[in-house]
Amino acid sequence: MAKEATGVDAPFDRRVYAMVARIPHGQLATYGQIAELIGAWGCARQVGWALRRLHLPSEVPWHRVVNAQGRIAMSPGREGSDWMQRELLMAEGIPVAVDGRLPLARHRWHPPLALLMAVASSAACEPSCTKG
DNA sequence: CCCCTGACCCTAA
DNA sequence: GTTAGGGCCAGGG
């Protein structure tokens, strides 16, 4: 492992997957929230790229990540992903409208304080999403 | 090396 | 409440 060049093994992608895996069952997080939690403030698009690189089916609960507007983001090249995401979310008790809108405020994930402090301490030294 | 696009976010109208 | 525009970083042609 330790291949920085290949996408899936990149450290940034790993952090994204590890943080997404921390999202509890039945709760939601936004791309910007994940980016901020891994110390990459403002790199929400890169989180989306990392999830796009993910090979499906995956153990990572990628369906719990939505955009800040509370809608399911459409992924290019994967027509069925939005439908799959909707099915997975409804299976966890989250109602999803046909247009992709969902109650983000009611199911938003509140990270533990310990995690937030760890992010704050690491973010001071870590640059951002730029590979180091 | 320049240009364009992308599973986004924020602000303004 | 919604839609439109600009900005953000990274990858591919």
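Because the structure is a prediction, the values reported are computed rather than measured. Just so it is clear: chains get the letters A, B, ... in the order the sequence lines come, proteins before strands, and each one is counted from 1.
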How about [X] and [Y]: do any of their side-chain heavy atoms sit closer than 4.5 Å?
| X | Y | answer |
| --- | --- | --- |
| A:Trp109 | A:Arg22 | yes |
| A:Asp82 | A:Ser75 | no |
| A:Thr30 | A:Val65 | no |
| A:Arg86 | A:Ser81 | no |
| A:Glu36 | A:Tyr31 | no |

Is a side-chain donor-acceptor pair under 3.5 Å present for A:His110 with A:Gln27? no
Would you say the side-chain atoms of A:Gln85 and A:Arg64 include a donor-acceptor pair closer than 3.5 Å? no
Strictly under 4.0 angstrom, non-hydrogen atoms only: write out the protein contact profile of nucleotides 7-13 of chain B, one letter per nucleotide from the 5' end, B, S or -. BBS----
Interface residues of residues 94-104 of chain A with DNA chain B (non-hydrogen, below 4.0 angstrom): none
